[in-house]
Amino acid sequence: MKNTTYIDSIAEFKDKQATISGWLYNMRKGGKLRFLIVRDGTGTIQAVVSKTDVNEEVFALCDELTQESSIRVTGKVVADERAPSGFEMQVSHLELVSKADEYPISLKEHGTDFLMDNRHLWLRSSRQFAILRVRHEIIAACRAFFDDRGFTLVDAPIFTPNACEGTTTLFETEYFGSKAYLTQSGQLYQEAGALAFGKAYCFGPTFRAEKSKTRRHLTEFWMIEPEVAFCDLDGDMDLAEEFLEYVVQRVLKNKARELATLERDVTKLQNVKRPFPRISYDEAVAILKKENVEFQDGNDFGGTDETVISEKFDRPVMVHRYPSAIKAFYMKNDPTDFSKALCVDVLAPEGYGEIIGGGQREDDYDTLKNKILHHNLPLEAFEWYLDLRRYGSVPHAGFGLGIERTVTWLCGLSHVRETIPFPRMMHRLRP
RNA sequence: UCCGGCGUAGCUCAAUCGGCAGAGCGGGUGGCUGUUAACCACUAGGUCGUAGGUUCAAGUCCUACCGCCGGAGCCA
């Protein structure tokens, strides 16, 4: 609309008139003063209405306003040290656009379940606002990183005819009379992308029907998955650490205000610079043994195992060469130790766990075909995938980064559910 | 699926050994010229998750069920 100023650029209007279009976040009353806290989607500002400065209708209108009513306020922008943003508005005119019904979310404490029932409104609160702005920055940084390095976006399908890895539980849906599944990874399709475009990535939602009820799980989450032709495990790890350093440092630079709102200790994030420590699975197991953690050699790491390992380092740690028995069929075996896979997991610091999983893919036709058969997967469903080894196979590698876990880590949150606008969990389909 | 925890006002919670169902916030009314989750006074607001049972008496004890939470497993 015409003549609207956004709060994040209010400094340009110091000692001048401006009009802000937004919503009433909160109001405090004095006898002849009204303090309107107005938010407009770019920030919040205090608008002061003094009975001596405005006509009676405007002052009376203040007392009509309810929390989250939409309004337009006009007045002089003045610097004030008491204001969090450094500026406040001395109101000369106030217009009510739409009066809000009694708003369910007060500024006091609420329970998570109640807030999630009102997620469509909760998004307006300052914490959620800050988290989703960090999410936006992370996604923008991910795309910019790959775009700037010659990667081509080759998005993978969401409907798939079969389970990618044949392990996790998938959501099943009806597809014109036959079964289809919602994808759990764009990984296999991305390999086709890499062999066509050299460097490719996809970014989209993925789905897991596991009945997980933990702070780290969603049934629908977003993943960015690069894949590179003529790349081995070492090159994959080089890419992953350069990528993470870029994303974290960019968020620190561009979203400092949001991180401050979240009271994030950014000193922990400033350490996220190359090189990251690289340890083998066997070395990671040795750490657990030294810390007297009960652990069965050959198993995958649990949540607490990952925390113990990551706490040994001040930045993300890359754990490579897990036993191939506990990894997906498409992982290439280590030629120097056939029991290990050429894979890597990146564990975030501070106990935030696995945020990246990836590795070098099996590029030999016969070996891959045997692995598919050994995993009891339907060969005919993977004929196209085997074609990638039949027609000009090359060493290639890639990884997947979970967006929500990354947001959780960078924001310092205790649960992934606040890192996506409308989370989908086992007991959460609405709103 | 297994293990553990929780269901009381619109919201967040309290209620001692089984003995009159309460507070703060939010709503309403009024007051206050610098408030920062403002404050002060007054006020309305209840199927104590559901169904049984024990008891003179149940929010409280017992049984079943429902709902939710997060830990394991699985993973990003």
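To find a chain, count down the sequence lines: A is the first, B the second, and so on, and within it residues start at 1. The basis for the numbers below is simple: all heavy atoms, side chains too, and nothing from hydrogens, waters or symmetry mates.
The distance between atom CE of A:Met426 and atom P of B:C69, rounded to the nearest whole Å, is 10 Å. For A:Glu210 and B:G70, the CD to C1' distance is 17 Å, given to the nearest whole Å. The CG atom of A:Asp117 sits 10 Å away from the P atom of B:U12 (whole-angstrom rounding). A:Lys32 has its NZ atom 22 Å from the P atom of B:C39, to the nearest Å. What separates CD of A:Glu418 from P of B:G70 is a distance of 11 Å, to the nearest Å. If you take CG of A:Leu218 and P of B:C74, they are 19 Å apart, rounded to a whole angstrom. Between the CD atom of A:Glu102 and the C1' atom of B:G10 there is a distance of 6 Å, given to the nearest Å.
Residue A:Gln67 is out of contact with every strand shown, counting any heavy-atom pair closer than 4.0 Å. Base contact: A:Leu33 has a heavy atom under 4.0 Å from a base atom. Within 4.0 Å of A:Lys51, counting heavy atoms only, lies no atom of the nucleic acid at all. Counting non-hydrogen atoms under 4.0 angstrom, A:Asp345 reaches nothing in the nucleic acid. As judged by a 4.0 angstrom heavy-atom cut-off over every strand, A:Thr52 is placed among the base-contacting residues.
Note that A:Lys327 lies in the cation-pi zone of A:Tyr322, set by a 6.0 Å cut-off to the ring centre and a 45° limit from the axis. In this structure, A:Arg149 forms a cation-pi arrangement with A:Phe145, its terminal cationic atom sitting closer than 6.0 Å to the ring centre and no more than 45° off the ring axis.
Out of B:U1, B:C75, B:G34, the shortest distance to the side chain of A:Glu306 is found at B:C75. Distance from the side chain of A:Arg208 is smallest for B:A76 among the nucleotides B:C69, B:G34, B:A76. Relative to the side chain of A:Glu88, the nucleotides B:A76, B:U35, B:U1 differ in distance, and B:U35 lies closest. Of the listed nucleotides (B:A76, B:A72, B:U35), B:A72 has the atom at the smallest distance from the side chain of A:Arg216. Which of B:C68, B:G70, B:C75 sits closest to the side chain of A:Arg215 comes down to B:G70. For A:Ser106, the listed nucleotide lying nearest its side chain is B:G26; candidates were B:A76, B:G34, B:G26.
Nucleotide B:C39 has B:G31 as its partner under the Watson-Crick or G-U criteria, with both atom distances under 3.5 Å. When Watson-Crick and G-U wobble pairs are counted only if both distances are under 3.5 Å, B:U1 pairs with B:A72.
Other residues, nucleotides and ligands place more than 12 heavy atoms under 6.0 Å from the CZ atom of A:Phe422.
One finds no side-chain N or O of A:Lys213 lying less than 4.0 angstrom from the OP1 or OP2 phosphate oxygen of B:G70. OP1 or OP2 of B:C68 sits under 4.0 Å from a side-chain N or O of A:His427. OP1 or OP2 of B:C74 has not a single side-chain nitrogen or oxygen of A:His217 nearer than 4.0 Å.
Taking the C1' atom of each, B:A44 and B:G26 are spaced 13 Å apart, rounded to whole Å. The separation of B:C13 from B:U29, taken at their C1' atoms, amounts to 27 Å, rounded to a whole angstrom.
Ring to ring, A:Trp384 and A:Tyr189 are close: their centroids are under 6.0 angstrom apart.
Both A:Phe114 and A:Ser50 lie near RNA chain B, and the one whose nearest nucleotide falls closer to the 5' end is A:Phe114. Mapping A:Arg417 and A:Glu404 onto RNA chain B by nearest heavy atom places A:Arg417 at the nucleotide closer to the 5' end.
Put simply, the side chain of A:Arg405 and the base of B:C75 share a donor and an acceptor less than 3.5 Å apart. For a distance-only test at 3.5 Å, the side chain of A:Ser212 qualifies as a donor-acceptor partner of the base of B:C74.
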